Protein chains: 2
Amino acid sequence: MSEEKEVTIYDIAKQLNISATTVSRGLKDHPTINIKTRKKIAETAKLLGYRSNTFASSLRSKRTQTLGVIVPRLNSSFMSSVLAGMENAANKEGYNLIIAQSQEQVEKEKENAQIMFNKRVDGLLVSLAYGTESIQHFEVFFSKKIPVIFFDRVAAHADSTSIIIDNYSAAYQVTKHLISQGCKRIMHVGGNMLLNVYSERLRGYKQALADHKLPFTEKLVLTGNLTEECGAETAQKILKMKVKDRPDAVFCANDTAAVYCMIALKAAGIKIPGEIAFAGFNNDPISRVVEPNLTTVNYPGYNMGQAAVTGITSHLNGGTNISDTNTIVLRSELIVRDSSVKKK
Amino acid sequence: MSEEKEVTIYDIAKQLNISATTVSRGLKDHPTINIKTRKKIAETAKLLGYRSNTFASSLRSKRTQTLGVIVPRLNSSFMSSVLAGMENAANKEGYNLIIAQSQEQVEKEKENAQIMFNKRVDGLLVSLAYGTESIQHFEVFFSKKIPVIFFDRVAAHADSTSIIIDNYSAAYQVTKHLISQGCKRIMHVGGNMLLNVYSERLRGYKQALADHKLPFTEKLVLTGNLTEECGAETAQKILKMKVKDRPDAVFCANDTAAVYCMIALKAAGIKIPGEIAFAGFNNDPISRVVEPNLTTVNYPGYNMGQAAVTGITSHLNGGTNISDTNTIVLRSELIVRDSSVKKK
DNA sequence: CAGAGAAATACAACCGATTGTATTTTTTTG
DNA sequence: CAAAAAAATACAATCGGTTGTATTTCTCTG
């Protein structure tokens with residue numbers, strides 16, 4: 001049983017006394033093959049337990065029906081939504097996903113890009129690692145006309161397609177909302193400012209302050225890695241400030257930092273939102289569990305994943321041309337929850 | 001620039017005036033090729049910008065250096081940890097991952113299995129969908145001696161390797177802990193009992209009750225899909241019970257249900273752990289955010305992912321034989337937090 | 001230095017599907 | 001019913017490494 005040879009189109013051809021060409025075309029429902037013949041081929045294929053050999057196929061056709069995905073890390077709530085969306089869309093379009101993580105290391109990102117290149121992925125989906133400043137390592141793809149789409153963490157100076165949300169505007173909305181609640185000393189905790197997502201959020205924050213005639217205070221802007229520890233440390237910094245210097249609101253560039261900062265402050269007896277209002281970013285599951293629930297920005301990860309894949313596949317199928325589209329901006333929305341509502 | 005032909009081993013061979021065979025073997029550091037020749041080949045390869053064609057290679061060698069992964073869904077905290085662990089191990093071993101989700105549907109699982117089979121994955125890693133009762137659709141892999149490893153959600157009657165934690169024992173520990181806190185009416189909210197993970201947890205719960213001379217009450221065992229809604233509904237059911245009939249502890253088979261049940265009960269004024277103690281399962285991020293923090297079982301997803309991959313690869317590399325190993329049980333541990341501590 | 005043995009390299013078939021073109025078969029038409 | 005057009009099928013080269021075996025080259029020994 002287990003040692004049977006693989007069944008090939010030649011076996012089918014022999015069985016039916018026709019040529020392998022006809023079988024090959026018949027299996028793909030090529031219009032020049034007689035419908036009856038196609039039916040017979042399909043039947044025989046099933047009968048013999050034929051399975052198409054993707055290598056032989058790819059070797060000749062130079063298409064792999066595979067998309068490469070490179071992300072900084074897989075284990076985040078946001079990224080798993082993105083992947084779920086990608087897989088869903090890819091599956092629908094008949095593509096497979098090869099997934100690798102850069103672990104936030106540029107070197108790994110390069111390696112992965114090389115592997116994907118060798119694996120001849122039909123397209124590449126990338127969210128950049130922390131330190132990535134040059135996207136030189138994707139040049140090989142560009143020069144071979146293999147479509148590349150960046151999402152979320154996109155290259156600052158890339159002339160390729162990017163899928164993002166309007167981080168600037170979202171941060172502006174958050175800040176504006178906090179201001180509307182009467183906050184005047186709003187702290188911003190951001191991430192690596194080399195990354196578009198964080199620099200844009202900072203920009204939105206600043207602009208909102210300016211538009212509402214609030215002073216921008218350098219000391220109220222912190223930068224960190226936005227981890228749990230980062231959140232807790234931020235709380236300590238706040239607690240060390242003189243009471244009058246303390247912020248009356250904190251806007252973190254992600255929910256994790258916001259939540260762990262809240263928790264630490266609450267433990268220290270600070271009232272939220274009474275003394276300090278809070279807002280985060282991402283709409284992570286934890287934002288709906290922390291008390292009070294965290295005001296945040298809904299980041300449509302699943303949709304982003306889908307959009308990235310359909311963007312690539314429609315290009316591959318000769319529909320839209322990716323190089324015409326520079327940026328796709330997905331809708332995000334402010335979700336106001338109790339952590340920031342001072343006025344009822 | 002962009003229209004160059006692909007560089008093949010023949011180009012390298014021509015350039016160096018040697019045969020393609022030598023180039024092929026040279027590139028793989030085959031011992032029968034002179035070291036100097038190898039060096040020259042490597043140099044020329046780099047010079048010409050050669051990239052190996054994996055199809056041509058796989059077509060002949062019948063190895064793909066690719067592992068297939070089929071999971072119920074990608075967007076859960078647990079699963080993303082598993083994937084991160086898998087990717088990490090696979091990368092180290094020189095394997096790639098093709099990932100697909102079954103969306104909890106048996107049909108999708110079958111389709112995915114078929115695709116993976118056609119893609120000639122060297123091995124398959126599977127966590128089963130909700131409704132999967134027969135693993136017939138993996139038979140093709142078995143018969144072709146393609147290693148399959150089940151993890152987390154394993155087939156009840158599979159004779160293949162499984163990687164799990166001791167769900168029975170973990171649930172036993174949880175229940176025992178609750179009992180040690182003085183709880184006498186412990187509710188259990190479980191998942192689909194066709195799945196090993198949930199039936200084992202129920203079994204552990206029952207045994208712990210029995211061992212401590214506590215009666216088993218049918219009405220205190222609920223089954224659901226363990227979503228947020230499920231948690232909230234459970235809370236409503238509890239609230240509808242006469243006060244004297246209410247449980248004094250709830251042990252949910254995952255953290256999500258536990259947390260959302262807690263939240264709803266708290267909103268109704270019930271004191272936790274005072275009136276009702278809580279315990280969950282998985283050690284999800286939300287378990288450390290909810291107040292009081294949730295007692296749970298640490299489920300080592302990352303390790304499980306790594307173990308699954310190294311299990312497969314060491315088999316593929318001819319090390320350990322997978323068919324000798326029936327089950328690998330990873331260590332899990334009870335994490336006691338405030339949600340269940342009645343006695344100080 | 002001849003001859004045996006080892007080391008290095010080359011030959012040639014092969015993996016299995018794809019595809020442009022040629023050929024055969026069927027259908028249509030005047 | 002023959003000729004032309006359309007439909008269906010077949011031929012044969014090709015994609016680019018891999019591998020068992022044959023051949024050549026080199027090294028060593030008596």
Side-chain angles (χ1 to χ4, degrees), chain A residues 3-42 44-45 48-66 94 115 117-122 144, chain B residues 3-42 44-45 48-66 94 115 117-122 144:
Chain A
E3 294 306 332
E4 319 153 358
K5 292 239 168 37
E6 286 290 335
V7 178
T8 72
I9 54 170
Y10 299 100
D11 299 321
I12 300 177
K14 204 174 294 169
Q15 186 90 184
L16 292 173
N17 235 323
I18 56 180
S19 77
T21 309
T22 306
V23 175
S24 172
R25 295 204 168 112
L27 286 171
K28 313 200 105 63
D29 275 327
H30 196 284
T32 76
I33 305 298
N34 191 302
I35 297 255
K36 286 179 193 165
T37 315
R38 284 189 232 169
K39 200 163 282 174
K40 259 190 276 179
I41 291 172
T44 317
L48 298 182
Y50 166 80
R51 63 166 172 164
S52 143
N53 185 319
T54 24
F55 311 133
S57 167
S58 296
L59 176 57
R60 191 68 227 267
S61 67
K62 303 198 180 292
R63 284 195 110 197
T64 59
Q65 300 293 2
T66 298
I115 292 172
F117 188 61
N118 285 345
K119 285 259 173 184
R120 305 293 205 275
V121 294
D122 287 344
K144 282 255 191 299
Chain B
E3 294 304 334
E4 318 153 359
K5 291 240 167 37
E6 287 289 335
V7 178
T8 71
I9 53 169
Y10 298 100
D11 299 321
I12 300 178
K14 204 174 295 170
Q15 185 89 184
L16 291 173
N17 235 325
I18 57 180
S19 76
T21 309
T22 306
V23 175
S24 172
R25 294 203 167 111
L27 286 170
K28 313 200 104 64
D29 274 328
H30 196 284
T32 76
I33 306 298
N34 190 303
I35 297 255
K36 286 178 192 164
T37 315
R38 284 190 231 169
K39 199 163 285 176
K40 259 190 276 180
I41 292 172
T44 315
L48 298 181
Y50 167 81
R51 62 167 173 165
S52 143
N53 185 319
T54 25
F55 312 132
S57 164
S58 296
L59 176 57
R60 190 71 227 264
S61 66
K62 302 193 181 294
R63 281 197 113 196
T64 60
Q65 299 293 357
T66 299
I115 292 172
F117 188 60
N118 285 344
K119 285 260 172 183
R120 307 292 206 275
V121 294
D122 287 344
K144 284 256 189 297

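From a predicted model like this one, the values you see are computed outputs, not experimental measurements.
Here D:dG16 presents its C1' atom at 10 Å from CD of B:Glu6, a figure rounded to the nearest Å. Rounding to whole angstrom units, CZ of residue B:Phe55 and P of C:dC14 are separated by 24 Å. Between the CD1 atom of A:Ile33 and the C1' atom of C:dT18 there is a distance of 13 Å, given to the nearest Å. Rounded to whole Å, atom P of D:dG17 lies 12 Å from atom CG of B:Leu59. Look at NZ on A:Lys36: it is 11 Å from P on C:dT26, rounded to the nearest Å. The distance from atom CG of A:Asp29 to atom P of C:dA17 is 16 Å, rounded to the nearest whole Å. Distance B:Arg60 CZ to D:dG20 P: 8 Å, rounded to the nearest Å. Between the P atom of C:dC15 and the CZ atom of B:Arg120 lies a distance of 13 Å, rounded to the nearest Å.
With hydrogens and angles ignored, no donor-acceptor pair under 3.5 angstrom links the side chain of A:Ser61 to the base of C:dA17. In this model, a side-chain donor or acceptor of A:Thr21 finds a partner on the base of D:dC11 within 3.5 Å. With hydrogens and angles ignored, a donor-acceptor pair under 3.5 angstrom links the side chain of A:Arg25 to the base of C:dG20.
Close to D:dA10, at under 4.0 Å from its OP1 or OP2, lies no side-chain N or O of A:Tyr10. Taking 4.0 angstrom as the limit, B:Lys28 places a side-chain polar atom (N or O) nearer than this to OP1 or OP2 of D:dT18. In this model, the phosphate group of D:dT9 is not approached by any side-chain N or O of A:Ser19 to a distance below 4.0 Å at OP1 or OP2. A sub-4.0 Å separation between OP1 or OP2 of C:dT18 and a side-chain N or O of A:Ser57 is present. Residue A:Lys62 places at least one side-chain N or O closer than 4.0 Å to OP1 or OP2 of D:dG16.
The heavy-atom pair separating A:Phe55 from B:Lys119 by the smallest distance is CZ-O, 3.9 Å. Taking all atoms of both residues into account, the shortest heavy-atom contact from A:Arg63 to A:Ser58 is O-OG, 3.0 Å. Between B:Ala20 and B:Ala13 the shortest heavy-atom distance is N-CB, 3.8 Å.
Contacts of A:Thr32 with the nucleic acid, taken as non-hydrogen atoms under 4.0 Å apart, include base atoms. Counting non-hydrogen atoms under 4.0 angstrom, B:Thr54 reaches nothing in the nucleic acid. Among the protein residues, A:Leu27 comes within range of no part of the nucleic acid, since none of its heavy atoms lies under 4.0 Å from any strand. Using a 4.0 Å heavy-atom criterion, one finds that A:Ile9 contacts the bases of the nucleic acid, with or without backbone contacts as well. Residue A:Ser24 is classed as a base contact, given a heavy-atom separation below 4.0 Å to a base.
Note that CD1 of B:Ile33 is 8.5 Å distant from OG1 of B:Thr21, once rounded to the nearest 0.5 Å. Rounding to the nearest 0.5 Å gives a distance of 8.5 Å between OG of B:Ser24 and OH of B:Tyr10.
Looking at which nucleotide of DNA chain C each of B:Asn17 and A:Ala20 is closest to, the 5′-most match is held by B:Asn17. Residues B:Pro31 and A:Val7 both approach DNA chain C. Their nearest nucleotides, taken by heavy-atom distance, put B:Pro31 toward the 5′ side.
Distance from the side chain of B:Asn34 is smallest to C:dT9 among D:dG16, C:dA17, C:dT9.
For the residue pair A:Thr54/B:Asn118, the side-chain donor-acceptor check at 3.5 Å is not satisfied.
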